[in-house]
Structures are given as structure tokens and as C-alpha cells.
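A quick write-up on the structure given underneath.
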Amino acid sequence: MAMAFLLDLGRCIGCQACSAACKTGNELAAGTQFIRLIEQTRGEFPDLSGGFTNHRCYHCADAACVNVCPTGALYKEDGLTRTSRDICSGCGYCVEACPFGVPEMVDGLSSKCDGCADTVRAGGEPWCVVTCPSNALEFGEREEIVKEARERVTAMRARYPKARVYGEDEAGGLGVVMVLPDDPDVLDLPVDPAPGALINTWTGIVQPATLALTAGATVAAGVMGVIARRNHMLELKALEEGEEA
Amino acid sequence: MAVQPGPNGRVKLNITRRSFLKAGATAGTLAALGRPTGSLAQKRPGAEIPWYRTGTIETTYNNCDMCPWRCGVLVHTVDGVVRKIEGNPADPKSRGMLCARGQGGVSFVYDPDRLQSPMIRTGERGDGQFREVTWEEALDYSAAKILAIRDTYGPESLAIFGHTSGDFWFTDYFAQAFGTPNAAKPSSSLCLSPREEAFKLMTGLAVGGHEPVDWDGLQCLTLIGSHIGEDARNTVMQDFSNAWARGARVVVVDPRFSSVAAKADYWLPIKPGTDTALLLAWANVLIDEDLYDAGYVADWVAGFDDYAGHVSELTPEWAEAITEIPAETIRTTARVMAENRPRSAIMPGRHVTWYGTDTQRMRAVYAINALLGAYGRQGGMYFNKSAYLEAYPHPPFAVAGSSGGCSAEPGEESDELPLGPSGKARADGARTSFLRGATAMQELIDPMISGEPYPIKGLVTYGVNLFNSIPNVPRTVEAVKELDFFLAVDVLPMEHIAWADVVFPEATFVERYDELWAVPYKTPFISMREPAIEPLYDTRPGWWMARELGIRVGLDNYFQWETAEEYLDKRLLSVGSSLEKMRAQNGVIVQSGKPYLEDFGEASPFTTTSARIELYSEDLAQAGLDPMPVYEPTEEPPAGFYRLLYGRHPVHTFAKTQNTPLLSDLYPENELWLNQRRADEEGVTSGDRVWLENQDGARSGPIKVKATQRIRPDAVFMVHGFGQQSAGLSRADGKGASDTKLQTRYKLDPISGGAGMRVNFVKLVKEV
């Protein structure tokens with residue numbers, strides 16, 4: 001069953017309880033955060049508007065990170081994008097592929113929100129949702145979440161006429177359905193967060209080959225893995241340059 | 001206008017928060033799920049296996065000590081290690097949720113920088129040279145010093161400064177038993193005093209710790225210098241969010257485009273120090289345009305005609321010239337406030353010691369609320385009621401309590417200040433340099449130096465960050481040098497610890513029982529604190545220290561219990577409960593309140609002489625002070641200087657949490673908010689480091705510039721509590737700049753004794 005988060009950027013008041021709860025619940029090491037809040041300011045004093053956006057995994061249905069992952073360490077489950085760090089090769093493709101710039105390399109392995117897969121399985125909600133004092137975060141069946149997001153948007157339009165749902169269809173439908181007080185570009189969100197043509201070309205041609213290469217390298221030796229990764233990067237760079245040309 | 005997304009604006013998906021870590025639950029249910037497999041056994045960024053699957057989860061009840069709001073929490077341990085703190089769903093304030101600071105509680109407990117052993121100073125004061133000693137030696141040594149001071153100068157010569165949730169044992173209980181009226185909390189004269197004294201003068205009532213905004217039905221909220229979201233009080237963020245989403249109008253008055261200003265329908269970027277002019281002009285509009293609640297005023301307000309006459313010339317045009325808020329905006333916002341009355345109120349706020357004219361400003365705030373008919377009305381301001389709970393029986397105290405704690409209970413204020421056993425009243429100048437109110441901490445510093453009106457030779461600090469809270473730090477340093485004895489109780493080696501003669505390391509809130517907390521609220525309640533783990537290192541709970549010290553200075557009769565459980569059970573018996581019963585009802589006892597006018601029947605809830613809200617104060621008139629609030633201009637910044645404003649960050653509390661690993665990770669140092677245009681003129685950009693120098697030449701450490709549109713050009717802003725200087729604080733030492741050290745002056749509020757701290761100015765220094 002497809003699950004999803006609701007993220008209401010109208011309600012979010014930037015308190016960072018979500019970031020802290022995520023860090024404590026998942027016992028993330030110092031320096032690692034799966035949720036970062038970014039203060040936004042538009043206009044010039046004193047004619048201002050602004051708020052907070054969340055920099056976090058949006059769990060794209062058509063997830064570029066999953067598409068490029070050569071080992072299957074990133075995969076879809078229940079509509080969310082999970083991570084298996086024990087089979088991550090550390091190639092870093094996900095970091096480059098993500099249209100939102102979310103995954104980070106921590107200790108050489110891909111690191112990002114996995115939707116608190118384990119706590120949800122244990123009968124709870126993701127840590128960030130449990131704690132959010134502003135009720136800006138919810139978690140549930142995606143269908144219900146989308147419905148809730150639409151209702152919130154309808155209510156919010158009395159205050160913000162441009163309020164809209166974001167993520168219902170973007171990138172094949174996000175696993176974080178957002179309630180936006182304004183247009184996405186105004187809030188520094190991609191209007192069309194589809195991965196670049198680079199990724200499509202790459203997944204069609206290179207991934208099958210590299211998947212085998214990486215798997216082999218992982219089995220063989222760490223050193224080989226490093227070489228494989230360097231090769232990947234060179235290939236990727238060549239493709240990128242090709243795109244630009 | 002009101003939009004209705006659902007009951008209370010609450011999302012319909014989950015009526016209650018759903019954590020699988022249920023109170024009292026063990027890992028049994030989790031174990032049934034089996035060990036994690038596949039993706040769960042992964043190499044997590046933090047842990048190999050989720051912590052809650054590594055052993056048996058045990059849960060204890062507590063109230064959070066990471067800020068003074070004290071949300072009810074569940075403390076989860078696994079195999080004797082605290083792993084997670086969550087909001088207690090049964091607690092009326094946390095309702096199962098918790099802010100970032102509360103989440104940081106775990107890393108506060110396991111901060112490796114903690115004080116670990118009692119210590120006695122070996123070097124000079126300030127050197128930080130100590131020898132570790134046994135508790136026996138530390139206590140005997142301290143008791144002898146305290147007795148020597150008592151015998152030479154009288155018990156009044158011992159000052160006790162306390163802060164945070166365990167301070168009861170020292171600042172209230174020990175102080176009153178010992179007989180010193182010089183017990184003070186920063187939460188009074190450095191924070192709330194003007195708010196409390198103004199409300200007592202006008203209504204006879206206390207605002208209480210929790211501003212009694214009746215959020216459920218609120219339709220218009222006005223904030224003056226309150227920063228919901230940056231000031232991350234959990235309950236207030238919840239209530240605000242729900243009211244906002246329901247469509248309640250929000251008016252924010254602030255020189256800074258704060259997080260909550262960004263949510264407002266009207267943001268009034270007021271010139272700092274001119275709020276009273278705005279408030280008087282709002283009253284002018286409400287009365288002039290006949291928008292006030294005439295029926296309510298007739299029934300419950302005294303002195304209306306005086307007030308109407310007082311503000312009749314104080315038009316929005318008059319205020320525009322002072323506040324730099326357009327007259328039309330003043331009119332519009334007054335009308336919005338009135339359209340929604342009585343479900344419309346100005347929130348009193350918390351830190352209100354700004355300009356030394358603060359009690360008068362707060363009276364002007366309450367006058368607006370009275371004109372809106374908000375007090376005792378649904379959706380306006382409810383009446384707090386204290387939870388019923390008997391004290392543990394003890395012999396009569398040597399000095400009355402109204403002199404010590406956070407604020408005197410209503411009715412305890414009298415013309416006569418309580419005297420200590422030697423016949424001396426407080427040394428803080430109450431009744432001479434200011435009129436009334438709780439003991440003013442900053443006014444107890446001078447007597448340590450001057451010996452006037454009598455010498456203060458001993459100081460006990462409990463949880464007070466002495467050099468990062470009281471303005472005029474050079475004076476405090478000089479005072480500490482003059483003391484015969486200085487005992488510091490703390491969890492961490494804060495800056496002033498290096499100056500103490502004796503250091504008592506305290507066990508944190510999850511390692512100790514503590515006094516029950518009877519909370520004044522709409523539904524008054526009692527909250528408990530019990531240990532989740534044994535005290536780490538050689539630390540002890542505050543109650544134990546106060547008792548051991550008390551017994552050693554001859555106060556045995558006040559400490560007749562042996563254990564905390566015995567003490568707590570005795571008190572709980574007065575409400576037919578016990579620790580065991582409290583645990584069985586989720587760690588909280590909720591009582592019923594009397595929030596609205598109708599709950600008082602024919603009687604008046606107001607305890608003033610007139611039994612009404614008094615807009616004109618006879619008490620102030622008799623004292624030669626303005627009986628109605630008058631706008632008094634505050635000093636302007638000199639050329640090239642900015643007014644120094646300060647405030648909160650949502651992941652930090654005061655000067656307490658800067659070293660806490662999790663919170664330091666989230667926000668390691670403060671920044672200097674500087675208007676973008678000014679930054680361009682100064683030739684600095686975001687990320688540049690500058691120094692600040694104030695009007696008296698005091699210099700801060702380097703601080704990162706945050707060039708932003710979010711602040712007026714005439715002021716700069718920084719988060720309070722940074723810039724601490726203590727080598728023992730491995731994360732906080734030298735990070736950012738200290739606002740307190742740039743506050744070499746303050747302006748004393750002649751009514752409440754509050755220290756107005758926004759009277760300091762700074763200029764940028766780009767190279768040193």
C-alpha cells in the first residue's frame with residue numbers, strides 16, 4: 001500500500017523539532033541530518049514574505065536515485081524510497097541524480113530518509129511526524145494524505161490565494177505531498193522535478209553494464225570498487241559533457 | 001473570516017500521535033516483530049540496529065528540563081541507557097509532541113563535558129583550579145562557610161540565585177528556612193516581572209507561567225515582540241498553528257520579520273522602543289470609533305473615563321510619527337482586533353524587560369485586552385487556576401516566600417516587605433529604587449560590592465548562568481571577587497564555575513526525583529519527575545544537596561523525610577494520590593479550572609480594590625508614578641551604532657543548551673542579523689565575521705553576519721546565550737557572540753525592578 005507524508009509549509013514555523021526527532025530516533029551521527037529547514041525571504045524590507053522549506057527526501061514515485069542505483073541499495077517499498085546501506089557500493093550516483101539534491105554520502109555510503117521504515121513497521125509513525133508541534137507533518141495512506149492536502153489547500157486559499165498541492169503528480173507523484181502557500185518556483189522547488197535527460201540516457205544505456213561491473217567489484221575487493229566508482233564517474237562526466245555539447 | 005478545515009483545525013487522519021513506544025511498554029511487542037532483517041539490518045548512519053530493538057524498553061515519567069516550559073515527557077531507556085525522550089500524550093502541554101530542545105535532552109544527559117565530582121577551589125577565583133573531593137567534605141566545608149556568614153552578618157547576607165526546574169529546593173525552600181529574603185530568579189527581573197506586576201496592579205491576578213490565551217476559540221491574535229517558532233514553546237506552537245490554520249487573524253508587531261511575522265496577516269515593523277505609543281493609539285481608535293466592548297467595560301472595567309480622556313489626543317497620526325507605523329495601518333489593525341472581540345487578545349509574552357518602561361507598556365497591553373472584553377471570555381483570555389496540592393508539613397519559615405520565588409502569589413504583596421531573622425528586608429532596593437515585585441537579581445550585585453544597604457557575603461547559584469544572564473558582567477565579576485563564599489550548583493562547567501569556591505555537580509532531570517509541579521493552567525495539573533537512570537558520575541539530585549546542606553546548618557526540622565519518594569507521596573496524599581497511582585494514570589493529575597467569568601457566578605474574578613480591571617492605578621498615583629501608561633521615549637542609537645536586540649533560536653534555551661551535542665550540531669553559533677542595505681553600506685556579506693563594540697567600549701567575540709531583509713536598518717539582532725567562555729565546554733566555548741557581555745548597561749523599571757536590556761548599542765568592527 002502506498003504511504004506518504006503530508007508536509008504543510010503553511011503551518012511549518014521552522015522549529016526544527018522534526019530534524020531533532022529524526023536525529024534522536026534514528027540516532028544519526030553528528031553532522032548528519034535527514035531533514036534540514038531552510039529559511040526563505042522574498043521582497044525587500046519592509047515588504048516581505050517568506051517561510052520555511054524542508055530539504056528532505058521527497059520519496060518520488062519515479063525516483064531517479066532508485067533508477068540509477070547500481071546495487072539496489074535504493075528501492076521502492078510502500079510508495080517510499082528505502083535505503084539498504086549494507087549493499088550500497090558508495091558510487092554516489094544517487095547524489096547526482098536526485099532532482100532535489102537530497103542523498104548525501106555519509107561514511108562513504110548513501111544516506112537519506114527512508115521514511116522510518118522500521119518504526120512504521122513496528123506500528124508507529126515516522127519520528128518527525130510524531131513530534132511536529134505545528135501539525136505540519138502527517139503520515140498515512142497516500143490517498144488519504146492527498147485528500148487531506150487538498151482540504152488544507154482549500155482552507156489556506158482564504159489567506160494565500162495561490163496555495164496549492166505539490167507532489168500529487170510531480171515526479172510520478174511524491175511520497176511527501178506538500179501544501180504550498182505559493183507557487184513552487186517562488187518557494188525554490190522545481191516546477192517539474194523530473195530527473196534530467198542525462199539520467200534517462202544513463203539508465204537506459206550505462207546502468208545495466210555498470211550494475212554488473214559494480215557487483216563484480218563489490219565481490220572482488222574494495223579496491224576494485226573504488227576503481228569501478230572512478231570509472232562510473234568518468235562515464236557520467238563524459239555523458240554530462242555530451243549533454244552540454 | 002474563518003475557514004474551517006476541521007475540528008480545531010486539526011488534521012483528521014490521526015487524532016492522537018502514534019508512537020509505538022508506549023508508556024510502560026517493554027520490547028515484548030517489538031521482539032515479536034523479530035530482529036530486523038534485510039534493509040533493517042543495514043549499516044545505518046547512526047546505529048547498526050535500531051536502538052529500540054537492542055533490549056528491553058523501560059519508560060519513566062518526567063517533565064522536560066530543557067526549557068522552563070516543562071512539557072510532560074516519557075523517558076525511554078534500553079538496558080539502563082536513556083535513548084529517547086518523547087512528549088507524554090497525557091500531558092496537557094506536550095500532548096505527545098516535543099520540540100527540538102526536548103529531543104536534545106538525551107544528549108544533554110550524556111554530554112561528556114558534565115561536571116562529575118564535587119570540587120573545592122585550589123587556585124584564585126577565576127583560575128578554574130579545583131581538587132575533587134567527597135560529598136562529605138564539600139558539604140561540611142560549605143556548611144561551615146555559610147554558618148560563618150550567618151553568624152557574622154546574619155542569614156540575609158547569603159544570596160541564593162536559582163534557575164530551571166529544580167531551583168525550588170534552593171531558591172524557595174532552603175532560602176526561606178534559612179532566613180534570607182535575598183533569593184532571586186532570573187525569570188523575574190530579567191524576564192517576566194513587568195508582565196506580572198502590571199497584571200497584579202490592574203486585575204490583582206498573576207499571568208502565571210503560561211499566558212492564558214484561550215486558543216481554542218481565538219479569532220485574532222496580536223503579538224508584540226513574541227516570537228512563536230523561534231521561542232519554541234511546544235504548546236504555544238501547537239495552539240498557534242491550529243488557530244492560524246483555522247483562519248484566526250494574526251497581527252505581529254516586531255522590528256524583525258520573525259518566523260511568526262511571516263505567518264501574520266499584518267506585520268508592523270515598529271521602531272524599537274515605541275510600542276507603548278502604538279498601544280495608546282490603538283486604545284484611541286477603539287474608543288474614538290466606538291469599537292470597544294461597552295457592556296464588558298461597564299461591568300468589569302474601572303477608570304474607563306480617565307483612560308478615554310488620557311488617550312483622546314493620542315491619535316494614530318501622533319503614533320505614526322513615533323513608531324514609523326502608518327496611521328492607516330494602526331487604524332486597520334485596531335479594527336481587525338475589534339471585529340473579532342472578545343475572541344481577540346494581545347498575548348502578554350514572556351521576556352518583557354526591554355526599556356525600563358516595561359510595566360507601563362504591559363499595562364497598555366492589558367488595557368487593550370480589557371477594551372476588547374477578552375478577560376474571562378471564551379476565545380479571549382481565560383483565568384488560570386493553580387492546581388491544588390498541599391505542601392509537605394514543615395515548621396514556619398524564617399522568611400516569607402513572597403520575597404523569593406519567581407513571582408509572589410497574588411495577595412502576598414503588601415506594603416511591608418518580609419524581614420529576615422536579623423530584621424533586614426531585601427537588599428535589592430525594593431520600595432526605594434523600585435516599587436514592588438519579586439526580588440530583582442541584578443540589584444543584589446551592588447550590595448556584594450558596596451555593602452549597602454548591608455553586605456551580601458555569600459552566594460549560592462543553582463543553574464543560573466551568572467555571566468551570561470545578568471547585564472553588566474564586569475560588575476558581576478567584581479562582586480564575585482568580594483564574596484566570602486560562592487557555591488555553584490550546576491550540570492556543566494559554565495563560565496562562572498571557574499569562580500566558585502565549591503562546585504556541586506547535579507544529576508540531570510532524568511537522573512532524579514524532583515519537587516512535584518502544580519501547574520496553573522486552564523485545566524490545572526500536577527506533573528511528576530522520576531529518575532530513569534541512576535545519577536551518572538558522582539552527581540546528586542538538587543533536593544539531596546539542599547537537604548544535606550540544610551541539616552548541616554541546623555535546619556533538620558525542615559528536612560524530616562529520608563527519601564524523595566516519602567516526601568512526594570506525602571504531598572500526593574493531599575489529592576488522594578501517590579507516585580504509584582500517578583504512574584498508573586500516565587504520570588499526570590489533571591484538575592478542573594475556572595477559566596471564564598461565568599465560572600465565578602456573581603463574584604468577581606478580579607481581586608483589585610474595585611473588583612474590576614483598573615485602567616487607572618491609585619497605587620501608582622500614590623507612589624508618584626504615572627497612574628496610566630505614558631509613552632516615554634527611549635534613547636536613540638548614536639551615529640554609526642545599531643540598537644542591540646536579542647532573542648531565541650528554536651533549538652536553544654537561554655545560555656543553557658549551547659554545549660548540548662545534538663543542539664550544538666543543529667545550531668552551533670549565533671549570527672548577527674543585519675539589514676541587507678546596511679550590510680552593503682558596511683561592506684560585509686553573509687558569512688563574514690565581525691566583532692561588535694558597544695557604547696561603553698565592550699567588545700564581543702567574532703560573530704557571523706547574516707545580511708537579511710528581515711530586520712530594520714536601525715537595529716541588529718542575535719540569539720541570546722552564545723559567546724560563552726569556558727574551556728570545559730568543548731562545543732560552546734567561544735562560539736558566537738555574547739549579547740549579555742554587550743549589555744554593560746540596563747535601565748531599571750521603577751515599578752517592577754525589571755532590568756531593561758534593549759538600551760545598548762553596538763557598532764561593527766571589521767578587523768581587530
Side-chain angles (χ1 to χ4, degrees), chain A residues 6 10-11 13-17 19-21 23-33 41 43-46 48-52 82-86 106-107 109 111 114 117-119 121-125 129-136 138 140 144-145 148 151-152 154-156 158-159, chain B residues 1 3-5 10-14 17-21 30 33 36 38-47 50-51 84 86-87 96-100 103-104 106 228-229 232 234 237-238 241-242 244-245 247 257 259-260 262-263 265 269 650-651 661-662 665-666 675-676 708-710 712:
Chain A
L6 182 143
R11 279 188 180 241
I13 197 151
C15 77
Q16 304 188 34
S19 309
K23 277 180 71 77
T24 54
N26 293 305
E27 296 200 329
L28 301 183
T32 306
Q33 265 173 262
T41 310
E44 278 189 33
F45 179 92
L48 298 173
S49 64
F52 292 90
R82 310 293 199 201
T83 58
S84 279
R85 278 167 57 91
D86 52 355
V106 176
D107 300 334
L109 302 175
S111 175
D114 74 343
D118 190 49
T119 61
R121 198 161 307 172
E125 291 177 318
V129 174
V130 173
T131 214
C132 176
S134 295
N135 290 321
E138 301 292 343
E144 291 294 308
I145 288 287
E148 172 72 17
E151 284 178 26
R152 288 196 185 200
T154 306
M156 199 187 288
R159 183 174 262 127
Chain B
M1 185 224 57
V3 283
Q4 299 286 343
R10 184 73 178 85
V11 66
K12 284 166 249 151
L13 289 171
N14 314 303
R17 293 286 162 174
R18 203 168 64 238
S19 166
F20 64 94
L21 302 168
L30 296 174
L33 294 164
S39 69
L40 303 177
Q42 66 196 271
K43 289 177 274 183
R44 283 178 168 259
W51 58 268
K84 180 84 183 169
E86 292 189 296
M97 299 171 228
L98 199 58
C99 77
Q103 304 283 344
V106 179
I228 299 171
N234 185 1
M237 293 196 293
Q238 297 176 30
S241 173
N242 289 338
W244 181 90
F257 192 65
S259 297
V260 73
K263 304 286 179 208
D265 299 289
V651 312
L662 177 84
D665 194 16
L666 290 172
N675 175 273
Q676 181 67 58
T708 177
Q709 299 289 352
R710 287 184 173 235
R712 287 174 58 96

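What you see below is based on every heavy atom in this structure, not just the backbone, and it leaves out hydrogens, waters and symmetry mates. Residue numbers begin at 1 in each chain, while the letters A, B, ... track the order of the sequences.
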Pairing donors with acceptors under 3.5 angstrom, does anything connect the side chains of Q709(B) and T41(A)?
no
No-hydrogen, no-angle side-chain donor-acceptor test under 3.5 Å, T131(A) and E86(B)
no
Closest-packed option against chain A by number of heavy-atom pairs under 4.5 Å, given Q238(B), R710(B), R712(B)
R710(B)
With only heavy atoms counted, which part of Q16(A) is less than 4.5 Å from chain B, the side chain, the backbone, both or neither?
both
By a 4.5 Å heavy-atom criterion (distance strictly below it), what part of S49(A) contacts chain B: side chain, backbone, both, or neither?
backbone
Atom [atom1] in [X], atom [atom2] in [Y]: separation rounded to 0.5 Å?
X: I228(B); Y: C15(A); atom1: CD1; atom2: SG; answer: 12.0 Å
X: L666(B); Y: K23(A); atom1: CG; atom2: NZ; answer: 6.0 Å
X: N234(B); Y: S134(A); atom1: CG; atom2: OG; answer: 9.0 Å
X: R159(A); Y: K263(B); atom1: CZ; atom2: NZ; answer: 9.5 Å
X: T708(B); Y: L48(A); atom1: OG1; atom2: CG; answer: 7.5 Å

Under the ring-ring contact (aromatic ring centres under 6.0 Å, His included) rule, collect the residues that match up with F45(A), sequence neighbours excluded.
W267(B)
Has the side chain of W51(B) got a donor or acceptor atom that lies under 3.5 Å from a matching backbone atom of G25(A)?
yes
Heavy atoms only: give me the nearest [X]-[Y] pair and the separation to one decimal.
X: G50(A); Y: A262(B); answer: O-CB, 3.6 Å
X: A245(B); Y: R11(A); answer: CB-NH2, 3.2 Å
X: G10(A); Y: W244(B); answer: O-CH2, 3.4 Å
X: G31(A); Y: D665(B); answer: N-OD2, 2.8 Å

